Amino acid sequence: MLPFKLKPCMAEKILSPELSPDLSRFGMSQGSRFLRACLRQPVDRTPVWFLRQAGRYMPEYQAVRRRHSLLEICKNPDLAAEVTITAAEKLDVDAAIIFADLLLPLEGMGLDFEFLAGEGPVIHQPVRTAADVENLRIDRANELGYVSEAIRKVVAHFHDRIGIIGFCGAPFTLASYMIEGGGSRNYTFTKTLMYREPSVWQLLLEKLAAVLEQYASQQVEAGADVIQIFDSWAGALSPSDYRDFVLPITTRLVRRVQALGVPVIYFGVDTASLLPAMRETGADVIGLDWRVPLDQGWAALGHAVAVQGNLDPITLFANEDLLRQRVRQILEQAGGRPGHIFNLGHGIVPGTPVENVQRVVQYVREFSLGDHVRA
Ligand code: CP3
């Protein structure tokens, strides 16, 4: 039983298992394979896609990027859709994640930022005081309409052929960018605010969640099949801090996105000790990073949730034999159990050989087909 009601068109996209008990004989569309795995329904083979599958390692993206800044691409629905579609087709994956960036919602909230070459994002006026938090606006989520516009174009291209993933940041990870002013090693400013001014912290997270909920809703309205919530830096927190300061608001966001009628994938890095608490958000799928063996991570979560992952993205620089071995190992750890989506443990990095990403798709097909036929 699902904890929420799927939006009506989703139910059609997901083949009823009763129709084809021997799924391996019939095959299924890539889209329904991906959606079914999110909901832990049996599939003919393990679905696969890659975190950051459309980024700088791809010559086609580099060509677009030479003519436009990252933000120009994100804000131009034609370009964002083109980059999304090209990557998904070139890799022949089961799902496409919309090309956008985690930080886009910050702009409408009143924070200017830019991406500096080699340094990553820089937020010019970080949020540090109660007044800074009070000044954040939550009434301009409609300015993010370019992302849902791009989703509409991707959906018009693929229809139901592959899964379409919309995404947003989680309140903690976005708050950390707002407070630190960029990436961070120790999260000193973030944790100081969290420990010393819990009511200001709470207001900040609530404002973020309010915007993210509207943003996710626009994406679902535009046709996103699933929303992935990136809590990339949650691993900076101890389990107690995660539970006390982050879990309640994240749970609320997850439930509200599910209430839109779509499954939620909740992902973080370095989360081995947080998994049982992350599970409590009620997300349908938990993304695992590569530091935890997939079988151990899945056991820590309990098997009543789907998992996504978890090849080390740097394995894509290894030789074919090792790559093959690691892909097989992850599939063996998943054991053909319904509810595994093959992915990396974090995003593809620049310089990754595209052929190796394509090879992983082939290996997943070869190995997992065998598993599911045997199952
Ligand atoms: O398939 C895709 O590549 C989807 C597009 C996508 C981007 N950002 C475009 C991007 C996605 C899914 C994101 C999410 C994102 N952005 C996250 C969460 C995912 C994760 O890796 O944990 C985070 C933390 C960000 C913030 C961000 N944006 C950082 C830290 C950086 C700089 C460092 C880096 O990895 O490049 C960015 C820039 C960025 N966002 C680029 C791209 C393609 C590269 C810059 C460029 O093209 O100029």
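This one's a predicted model, so the numbers in the text were calculated from it and none came from an experiment. Read the numbers this way: they start at 1 and go in the same order the structure lists the ligands and their atoms.
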So, [X] versus [Y]: side-chain donor-acceptor pair below 3.5 Å or not?
X    : Y    : answer
Y146 : N76  : no
S148 : Q219 : no
S176 : T173 : no
Y195 : W201 : no
Q358 : D92  : no
H340 : Q308 : no

Please state whether [X] comes within less than 4.0 angstrom of ligand 1, counting heavy atoms only.
X    : answer
G183 : no
S69  : no
F50  : no
A54  : yes

(Q) Does any part of the side chain of L51, heavy atoms only, come nearer than 4.5 Å to the side chain of F267, both counted from C-beta? (A) yes
Q: State, with a plain yes or no, whether a side-chain heavy atom of R45 is found less than 4.5 Å away from one of D94.
A: yes
Q. Is there at least one pair of N or O atoms, one from R56 and one from ligand 1, spaced under 3.5 Å apart?
A.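 Yes - when backbone and side-chain N and O of R56 are compared with those of ligand 1, one distance drops under 3.5 Å.
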Q: Take Y242 and F172, measure what ring pair (Phe, Tyr, Trp, His ring centres under 6.0 Å) needs, and give me the verdict at the end.
A: CA-CA 9 Å; Y242 178 84; F172 171 76; 8.2 Å; no
Q) Looking only at non-hydrogen atoms, which of M58, R65, Q53 approaches atom 48 (O) of ligand 1 most closely? A) R65
(Q) Please state which option from S232, G120, P313, G268 has its nearest heavy atom closest to atom 22 (O) of ligand 1. (A)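 Minimum heavy-atom distance to atom 22 (O) of ligand 1 goes to S232.
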How close does the nearest protein non-hydrogen atom get to [atom], and which residue and atom is it?
atom                    : value
atom 24 (C) of ligand 1 : Y177 OH, 3.3 Å
atom 27 (C) of ligand 1 : D101 OD1, 3.6 Å
atom 12 (C) of ligand 1 : F167 CZ, 3.5 Å
atom 7 (C) of ligand 1  : A100 O, 3.0 Å
atom 14 (C) of ligand 1 : R52 NE, 3.8 Å
atom 41 (C) of ligand 1 : L70 CD2, 3.9 Å

Under 4.0 Å from a heavy atom of [X]: give me the atoms of ligand 1 that qualify, with their elements.
X    : result
F230 : 18 (C), 19 (C)
Y61  : 43 (C), 46 (C), 47 (O)
I97  : 1 (O)

